[in-house]
Amino acid sequence: MTDLRPVAHPIGKIIVTLGVSMLAPMLVDWWHGDPHWVIFLQSAALTMVAGTLVSVATWGDYRSLSIQQAFLLTSGLWAVLPVFGALPFMLGQPYASFTDAYFESMSGVTTTGTTAFPELDILPKGTHLWRAILHWVGGLGIVVVAMVFLPIMKVGGMQFFRSEGFDTLGKIMPRAGEIAAEMTRIYVMLTGFCTVTYLLLGMNGFDAIVQAFGTVSTGGFSNYDASFGAFLGPLEWAASFFMVLASLPFIRLVQGMRGHFTPIWQDTQIRAYLRWIGYACAIIIVYRVIFLDHQGNIFDITRETVFNTVSTFSGTGFFSTDVMKWGHLPIAVLIICGLIGGCTGSTACSVKVFRYLVLFQAVRAQLRRMHSPHRVYPLRYEGRPLDQDVIDSVMAFFTLFTLTFGLLIVGLSLTGLHPRTALTAAWTAIANIGPVWGPEITANGSIVQFPEPAKWLMILGMYLGRLELVSVLVLLLPRFWRH
């Protein structure tokens, strides 16, 4: 019988922390004289009481987790947190059903950024701040999970990074505290720099905080229906810079803060990521200049293209213009960018650059074997040999990702959605990107008009995609519960 107390206890503590964070939007609404502050007070009280009861009932000295408990902790945390995160949406005004509230909350903690609210401009300031906090907490949480749990659970080839980051096997809980502190420090600093930059470029204080939370978490929730279209010009360049930073491996950012910049420049993943962003931007700019905006301002075209491409590549999901007007080729490029994603160990989502680099090496080696079947072609990454279990894990992830993506498209199509809507909804959910394109989408990008089964399929897709599929699907195996 699995002992669930080491799993429930940290979840209870995190729920309490989530409840405490609800006091910030409560104070914002109170300061602005909005009676909605009472909703956050009630939600905070319910959340803190529930979290305290769970943590007290499971009190103990837990210094290690089994692999089974590690899987349960990561999967359980991202399923439970959105329930409490949805409380202010269900209890407040404008009222949201449980489905829409849970969707919005799941979209926040998974840093997806798709909204189920029909109008954002009319929401209370506290609600906007709460959506941003959900993003920020989810982004920090996934960095810690990527550094602590995914390597020891051998999810998607992440075991390759165990020796590069932290050795956690057998002592997960104490090391998790150290890792969380280190990651929180760099995360807070990056958020602070982003906020100050936005302020210096003309945003007011509230807008700067909300957009910075969405930028650094690569989440994309904005407090405007126009998203980042409300902040054109230099702010787009600043946001692009910070979105790129947030989608780089945080262990490299930590090294950079300590004055060690060489690992950043030499990181194969970072170089590939920046190079691919450059390729995507170049293709879209050339296409737009030649076929669409040949008389337009090249500087405006470049700024728009870079911002929206980086936003999609990093999985942030901000938009500053209607990219559907760019034509079929740019949209195809953006979809490919979203399916690649950022770097491992960052707040970015989707497949990640590292896995594509491993895939390309494996394919190239296989093609060489066809020509010279008796030769040995060892696979290496940054001078280190790739073990077979890393390669197998990466291939398994690609298979599961492709299969789940296809099933989501079929499932969403069966709910009655337009084929284009079903495709982009599955794409944005499984890769945690944000935008959805199709006739059922409102002007602010909301999926409020979706049938309820479609919303729950997207919730499932966001959940699976953020936890990298394997860490959730393994719970469905009877053998997992026997051993």
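- Of the N and O atoms on the side chains of Tyr224 and Asp207, at least one donor lies less than 3.5 Å from an acceptor on the other residue.
- Closest non-hydrogen pair, Val358 versus Met395, comes out as O-CE, 4.4 Å.
- Once rounded to the nearest 0.5 Å, the distance linking OG of Ser346 with CG of Leu245 reads 11.0 Å.
- Between Trp37 and His32, the closest side-chain pair of non-hydrogen atoms is not below 4.5 Å.
- Checking Trp78 against Thr110 by side-chain atom types alone, no donor-acceptor pair falls below 3.5 Å.
- Under the 4.5 Å side-chain criterion, counting only non-hydrogen atoms from C-beta, His128 is not in contact with Phe221.
- The backbone N or O of Cys349 sits nowhere less than 3.5 Å from a side-chain atom of Asn432 that would complete a donor-acceptor pair.
- The distance from atom CZ of Phe98 to atom CE of Met90, rounded to the nearest 0.5 Å, is 6.0 Å.
- Between the side chains of Thr112 and Thr114, no donor N or O sits under 3.5 Å from an acceptor N or O.
- Side-chain atoms of Glu440 never come within 3.5 Å of backbone atoms of Phe450 as a donor-acceptor pair (strictly under, hydrogens ignored).
- Here the CE-CZ distance, from Met257 to Phe250, works out to 10.0 Å after rounding to the nearest 0.5 Å.
- In terms of the side chain to side chain contact (heavy atoms under 4.5 Å, CB included) criterion, residue partners of Phe319 (sequence neighbours excluded) are, by chain and number, Ser227, Asn308.
- Using cut-offs of 30° and 60° on the angle between ring planes, the pair Trp276 and Tyr356 is perpendicular.
- In this structure a side-chain-to-backbone donor-acceptor pair under 3.5 Å is missing from Ser217 to Thr111.
- Shown here is Trp456, whose CH2 atom has more than 12 heavy atoms of other residues, nucleotides or ligands within 6.0 Å.
- Within a 6.0 Å sphere centred on CH2 of Trp237, heavy atoms belonging to other residues, nucleotides or ligands number more than 12.
- Within the 3.5 Å criterion, the main-chain N or O of Pro435 finds a donor-acceptor partner in the side chain of Thr428.
- Side-chain atoms of Trp130 and Ser105, non-hydrogen and from C-beta on, never get closer than 4.5 Å to each other.
- Within the 4.5 Å cutoff, the side chain of Pro439 has heavy atoms near those of the Thr421 side chain.
- A donor-acceptor pair shorter than 3.5 Å cannot be found between the side chains of Gln361 and Arg364.
- Side chain to side chain, Tyr187 and Thr347 fail the donor-acceptor criterion of an N or O pair below 3.5 Å.
- Both cation-pi conditions hold for Arg355 and Phe397: the charged atom is under 6.0 angstrom from the six-membered ring centre and inside a 45 degree cone around its axis.
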Any chance you could lay out the side-chain contact (heavy atoms from CB on, under 4.5 Å) test for Thr316 and Phe242, step after step, and finish with the verdict?
CA-CA 11 Å; Thr316 306; Phe242 282 103; over 6 Å; no
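- When ring centroids are compared, Phe354 and Tyr381 come within the 6.0 Å threshold.
- The shortest non-hydrogen separation linking Tyr102 to Pro82 is CE1-CB, 3.5 Å.
- A heavy-atom distance below 4.5 Å is found between the side chains of Thr268 and Leu357.
- The backbone N or O of Ser75 lies less than 3.5 Å from a partner atom in the side chain of Tyr463, making a donor-acceptor pair.
- Judged by distance alone, the side chain of Ser311 and the main-chain N or O of Phe318 form a donor-acceptor pair under 3.5 Å.
- Listed for the Asp225 side chain is no donor-acceptor partner under 3.5 Å among the backbone atoms of Asn444.
- Side-chain contact between Ile430 and Met462 is absent, with no heavy atoms from C-beta onward closer than 4.5 Å.
- Below 30°, between 30° and 60°, or above 60°: for Phe405 and Phe401 the angle between ring planes is between 30° and 60°, a tilted geometry.
- Residue Leu339 holds its CG atom at 10.0 Å from CZ of Phe313, rounded to the nearest 0.5 Å.
- Aromatic ring pairs are classed by plane angle as parallel below 30°, tilted from 30° to 60° and perpendicular above 60°; the pair Phe291 and Tyr287 is tilted.
- Side-chain atoms of Glu304 and Ser320 form no donor-acceptor pair, as typed in the model, at a separation below 3.5 Å.
- Salt-bridge annotation for Arg185 and Glu182: present, with a side-chain N of the basic residue lying under 4.0 Å from a carboxylate O of the acidic one.
- Note that CD1 of Ile277 is 7.5 Å distant from OG of Ser314, once rounded to the nearest 0.5 Å.
- Screening residues 399-418 for side-chain hydrogen bond (donor to acceptor under 3.5 Å, both in side chains), with sequence neighbours left out, gives no hits.
- No side-chain donor-acceptor contact under 3.5 Å links Ser247 to the backbone of Gly341.
- Closest of all the heavy-atom pairs between Gln269 and Cys343 is OE1-CA, 3.2 Å.
- Between the side chains of Thr115 and Glu104, a donor-acceptor pair is found at a separation under 3.5 Å.
- Side-chain atoms of Ile441 and Ile447, non-hydrogen and from C-beta on, do get closer than 4.5 Å to each other.
- Between Leu386 and Arg380 there is no side-chain heavy-atom pair separated by less than 4.5 Å.
- The two residues Asp29 and Gly126 have their closest heavy-atom pair at OD1-N, 2.8 Å.
- Here the CD1 atom belonging to Ile331 is positioned 9.5 Å from the OG1 atom belonging to Thr424, to the nearest 0.5 angstrom.
- Remark: the backbone N or O of Ser43 is paired with a side-chain donor or acceptor of Thr47 at under 3.5 angstrom.
- Side-chain rings of His135 and Phe213 stay apart, their centers remaining 6.0 Å or farther from each other.
- At a threshold of 4.0 Å, the pair Asp34-Lys125 does not count as salt-bridged, since none of the basic side-chain nitrogens sits closer than that to a carboxylate oxygen.
- A pairwise comparison of heavy atoms in Ile409 and Ala426 identifies CG1-CB, 3.6 Å as the closest pair.
- The shortest heavy-atom contact between Gly461 and Leu408 is CA-CD1, 3.8 Å.
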